[in-house]
Amino acid sequence: MSVAARAPHLELVLRSFTLGAFAYLLRELADAGETLPFAFEEHVGRDGPALYEYRPLVRDFVEAHASLLRGRDDALIALDELRREPAAAIYARAHAGPRAEEDEALFRTVLVDLLIRTAEGCGGFDWDDDVFERAYGELERSLFGERRTYAAIAPLVGLSIGVAVELGPGLRIRAATDGELARHWPEARRLLPDGFGRDADRYCVVELRAALGSGEDVPDAPAELADVVSAVRLATAAPLAAGPVLFETLDGRPFGIRPVLPIAATQPPGEPTRLDEFRGRLAADLLARLGLADADTTLAEALDRWELSLFQHDPFRSEQLRGALVAALGETWALRGPVLLEDDPALRGRVHASLVALAEGDESGGAADIVRRVLVEALRHGDRIVLARTLDRVLLGQTDVARHERLAV
């Protein structure tokens, strides 16, 4: 159903620009004797046959000719009208950044974006009034809305799930929706990991969503998603990696493609793991506690050394693991670690034997997973110094309580 435009004067000049651009770009294609380039997208469902979609690469063609559209009379008239609308300037700064020159920001984020969205909806440059009205209506709601909706999505490998896992406010791991990236970025397929959407451990995405106030910057998505990867690696020991890039939208429009931080984008060796409900809750708890490392540089060093060890071989791997234990538990880590992790004396003895072997340069006794568990418990305790003192009291026989709760991780 058609809804009356809030700013009919603005709708008129933007319609004129878009119609003129359609006619101009059609002539460009005809004069060159060409047709729009296209992508032939394959959509593979895990439980069904492959489907194929013919998708014209409208965005690439429009952006390649944008500079020629910039000086046309209908573009100049539209820009003049946009300058009179304060909401348009706020919108352009939000999408292009505060350093962008005003006219260029308005042209790129309003005029070119509206042109692309209309052309994509039309499947090329055959005009459709209904498609333009829908695209303009979305633009108007974004222009005059008090809050903006931001989203960032990165593919995951090395992990499977049964249902979506909530990790915190605006953060979750879920199954990828078929075609959700190609809708905004037709070239997305070549930016995804090999086999994504086909293999059992390559169909999930990590998603960050945020509501932004007027003038509020977008989140630091690469850093936030890297923290998610670290928390899930700690909770599951999964050979998890995100990326190699993340895809951002603002108010449902393409905003950017950014690289994922290298430590999160690199996949460590290991067997794929399923993120179940229990370990999902643990990952969410650990993610909330990773901020402790901001105030405790020694804990931050322990976490960094452990994560770097995932990608190394001995003797460097063992050195990183020893350094992580020293940072987390102090020089007496070979004694404190078993007390932290186990109640049963026999099990404590096995952990101690593995740590003694690590101290002597041998990591073959499963010490890597012991270090991971130590870091999980250090984060869950919340105060590394108090935790060390409590463990020493257990070693001295002054208390039997080593920690608040036992976890099998």
Side-chain angles (χ1 to χ4, degrees), residues 230-240 268-283 285-286 289 292 298-299 301-303 305-310 312-409:
S230 296
V232 176
R233 284 173 177 170
L234 281 166
T236 66
L240 180 65
E271 291 297 319
T273 301
R274 189 171 183 83
L275 183 62
D276 56 28
E277 182 181 0
F278 168 75
R279 290 189 291 183
R281 289 197 302 269
L282 176 58
D285 184 27
L286 295 174
R289 293 170 184 268
L292 295 170
T298 304
L299 177 60
E301 179 187 355
L303 291 167
R305 282 180 172 272
W306 168 76
E307 203 154 21
L308 287 171
S309 76
L310 299 178
Q312 297 175 328
H313 300 284
D314 277 330
F316 306 105
R317 177 183 173 90
S318 295
E319 181 58 34
Q320 293 284 26
L321 293 174
R322 287 191 292 270
L325 286 168
V326 170
L329 296 179
E331 295 294 341
T332 56
W333 51 267
L335 295 174
R336 288 172 171 169
V339 173
L340 174 64
L341 297 180
E342 302 292 352
D343 290 323
D344 182 84
L347 295 178
R348 282 183 180 176
R350 293 176 191 170
V351 172
H352 178 64
S354 293
L355 294 182
V356 168
L358 176 64
E360 296 172 351
D362 181 5
E363 191 267 313
S364 61
D369 201 58
I370 291 173
V371 176
R372 178 185 67 84
R373 294 172 59 200
V374 164
L375 292 175
V376 168
E377 300 310 328
L379 283 169
R380 295 186 74 247
H381 186 279
D383 190 321
R384 187 177 50 81
I385 304 301
V386 172
L387 175 61
R389 291 172 181 166
T390 302
L391 295 173
D392 286 346
R393 290 176 61 205
V394 176
L395 289 167
L396 293 171
Q398 296 175 350
T399 179
D400 293 328
V401 181
R403 41 170 300 198
H404 59 291
E405 181 186 354
R406 290 283 174 199
L407 270 181
V409 293

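Worth saying up front: this structure is predicted, and the values here are computed from it rather than measured. Any value given below was found using the heavy atoms of this structure, including those in side chains, with hydrogens, waters and symmetry copies removed.
Judged by distance alone, with hydrogens and angles left aside, the side-chain atoms of R336 form no donor-acceptor pair with the main-chain N or O of L391 at under 3.5 Å. Using modelled atom types, no side-chain atom of S318 and backbone atom of D314 make a donor-acceptor pair closer than 3.5 Å. Between the side chain of H352 and the main chain of L335, no donor-acceptor pair closer than 3.5 Å is present. Proximity of a side-chain donor or acceptor of R322 to a complementary backbone N or O of A359 within less than 3.5 Å is not detected. A side-chain donor-acceptor contact under 3.5 Å links R233 to the backbone of L240. R279 contributes no side-chain N or O that, together with a main-chain N or O of A235, makes up a donor-acceptor pair within less than 3.5 Å.
With a 4.5 Å cut-off on side-chain heavy atoms, L321 and R305 do not count as touching. Using a 4.5 Å heavy-atom cutoff, the side chains of F316 and L308 are not in contact. Side chains of T273 and P239 form a contact here, defined as non-hydrogen atoms less than 4.5 Å apart.
Between R373 and E377, none of the side-chain N atoms (NZ, or NE/NH1/NH2) sits under 4.0 Å from a carboxylate O, so this pair counts as no salt bridge. Between D369 and R372 there is a salt bridge, since at least one side-chain N of the basic residue sits less than 4.0 Å from a carboxylate O of the acidic one.
Put simply, CG on L325 and CD on E331 are 11.0 Å apart, with the number rounded to the nearest 0.5 Å. Between atom CD of residue E342 and atom CD1 of residue I370 there is a gap of 8.5 Å, rounded to the nearest 0.5 Å. L395 contributes atom CG, which lies 11.0 Å from atom OG1 of T390 (distance to the nearest 0.5 angstrom). Distance CG/D383 to CG/L299: 10.5 Å, rounded to 0.5 Å. To the nearest 0.5 angstrom, L340 atom CG is 9.5 Å from R348 atom CZ.
Of all heavy-atom pairs between V351 and G337, the closest is CG1-C, 4.5 Å. Among all heavy-atom pairs drawn from A283 and A231, the shortest one is O-CB, 3.6 Å. Here the shortest heavy-atom pairing between L358 and A367 reads CD2-CB, 3.8 Å.
Other residues, nucleotides and ligands contribute at most 12 non-hydrogen atoms within 6.0 Å of the CD atom of E277.
Taking the salt bridge (charged side-chain N to carboxylate O under 4.0 Å, His left out) definition, one finds that R393 meets it with nothing, sequence neighbours left out.
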Handout entry: Derivation of the side chain to side chain contact (heavy atoms under 4.5 Å, CB included) call for L303 and L379
Key = CA-CA 10 Å; L303 291 167; L379 283 169; 4.1 Å; yes
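Checking each of L375, D285, L387 against R380 for a side-chain contact (heavy atoms from CB on, under 4.5 Å) leaves exactly one that passes, namely D285.
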